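First up is the structure itself, then whatever we jot down about it.
Keep in mind the model is a prediction, meaning the values are calculated, not measured. Nothing fancy with the numbering, it's 1 onward along the sequence.
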Amino acid sequence: MARTSTAGVELLERCHDQRLDELWLDHDLGEDDTIWPVAEVLERAAFDGRPFDVGVINIHSANPAGVAKMAQALRRWGYRVNIASNSPDVAYLDTPTATQ
């Protein structure tokens, strides 16, 4: 798990030669940081003819415009994208549960 775009880029670049069954991306990462630098790494790799081997990229965010733009960009490069916004399957680790 990476909580900043810089950490996400570093993690993704370390995994370039590995199969990723799922990649979960959240558009807004806090303050002025977004996931776009990670999306750009994915796009650049596809442009260079070496796309990441990702089964599905799940995008979840409370920012519908950001989600749509990111999904469009990644789909254009042949990545399989699932929009998971407002899905009950998406939860945040920092959110207390009923048992906490």
Query raised in the report: How many angstroms lie between atom CE of Met70 and atom OG1 of Thr34, to the nearest 0.5 angstrom?
Result: 7.5 Å
Report summary line: Heavy-atom closest pair (Leu74 atom, Ala39 atom, distance to 0.1 Å) is CD2-O, 4.0 Å
**Report entry** Residues Thr4 and Asp33: side-chain donor-acceptor under 3.5 angstrom
**Finding:** no
Report task. For residues Leu29 and Ile35, determine if any side-chain heavy atom of one lies less than 4.5 Å from a side-chain heavy atom of the other. Result -> yes
Query raised in the report: Looking only at heavy atoms, what is the nearest atom pair of Arg14 and Gln18, with distance?
Result: O-NE2, 4.0 Å
Query raised in the report: Any side-chain heavy-atom pair from Leu42 and Leu23 closer than 4.5 angstrom?
Result: yes
Query raised in the report: Which salt bridge (charged side-chain N to carboxylate O under 4.0 Å, His left out) pairs, counting each pair once, include a residue from residues 67-82, with sequence neighbours left out?
Result: Glu43-Arg76
Report summary line: Between the CD1 atom in Ile59 and the CD1 atom in Ile83, the distance rounded to the nearest 0.5 Å is 6.0 Å
Requested in this report: Check the angle between the aromatic planes of Phe47 and Trp77 and answer parallel, tilted or perpendicular using the 30° and 60° thresholds.
Outcome: perpendicular
Query raised in the report: At what distance, to the nearest 0.5 angstrom, does CG of Leu25 lie from CG of Leu12?
Result: 8.5 Å
Query raised in the report: Out of curiosity, Phe52 CZ to Arg44 CZ, how far, rounded to the nearest 0.5 Å?
Result: 9.0 Å
Requested in this report: Provide the closest heavy-atom pair for Cys15 versus Leu20 in the form atom of the first, atom of the second, distance.
Outcome: CB-CD2, 4.2 Å
**Report entry** Taking every non-hydrogen atom, the tightest pair across Val38 and Gly8
**Finding:** CG2-C, 3.7 Å
Report summary line: residues 48-62 vs salt bridge (charged side-chain N to carboxylate O under 4.0 Å, His left out), sequence neighbours excluded, gives Asp17-Arg50, Arg19-Asp53
**Report entry** More than 12 heavy atoms of other groups within 6.0 Å of Glu22 CD
**Finding:** yes
